[in-house]
Each structure stands twice: as structure tokens, then as C-alpha cells.
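Here's the structure, in C-alpha cells; my notes come after.
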Amino acid sequence: MLSLFGMAYTFEQVQTQEQEFKNAVKTLQYSATEKQSEDYLNFLDLINLKLMTESPKITACGLFTVNLQVFYNVFAAIVTYIMILFQFRDFEKS
């Protein structure tokens, strides 16, 4: 359970770092364009387009994206399962 939370929390940090990287590429792209070569500007355009279309994601075998929402859903399912087990135990006693 802790490893799932750690992995989900790490993914949230990856998303934050990705946004900072996107902002840095945009800054490079739009600052001092007259000094840069055409190949360099095309390379920055390519990186910017790639980042806009495909954000990096951590997935579980391509089935779903691992993030904090997955952790909360798993935790809620476990709590629900435990509550149902307690209800069946009370039912057996009576």
C-alpha cells in the first residue's frame, strides 16, 4: 500500500517537473530567436509540439494511469471490503 502511494506521489511530482520543463522550452523558443540557427529553432518547435501532444505518463501495463486518484480508489476499496467483512462477522454471531 505504501509503495503504491509512493509511486503515485512520485508521478505527481513528475507532472510538476514536466510543466516546468514545458515552460523552460517555451522561454527558450521565444527568447533571442534572431541569434539562433534555423535548426535549433526547429528542434525547439519539435520538442514543444511533442510535449503538447504526448505528456509522459506512468501506466499499469497500459491499462490505466497511475496517479494519486488510483491510490485513493484502492484505499477506498480496501476500507469498503473491511466494512463488509465486519458486517458478515456480525451476521454470523447472531
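Rounding to the nearest 0.5 angstrom, the gap separating the CG atom in N73 from the OG1 atom in T80 is 10.5 Å.
In the hydrophobic clustering of this structure, I84 does not group with V79; members are Ile, Leu, Val, Met, Phe, Trp, Tyr whose side-chain heavy atoms approach within less than 4.5 Å, directly or through other members.
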If you apply the rule side chain to side chain contact (heavy atoms under 4.5 Å, CB included), what do you find for F21 with I47, and how did you get there? CA-CA 10 Å; F21 181 70; I47 290 175; 4.3 Å; yes
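Through direct or indirect side-chain contacts shorter than 4.5 Å among Ile, Leu, Val, Met, Phe, Trp and Tyr, L46 is connected to no other residue.
Q87 meets the side-chain contact (heavy atoms from CB on, under 4.5 Å) test with no other residue; sequence neighbours excluded.
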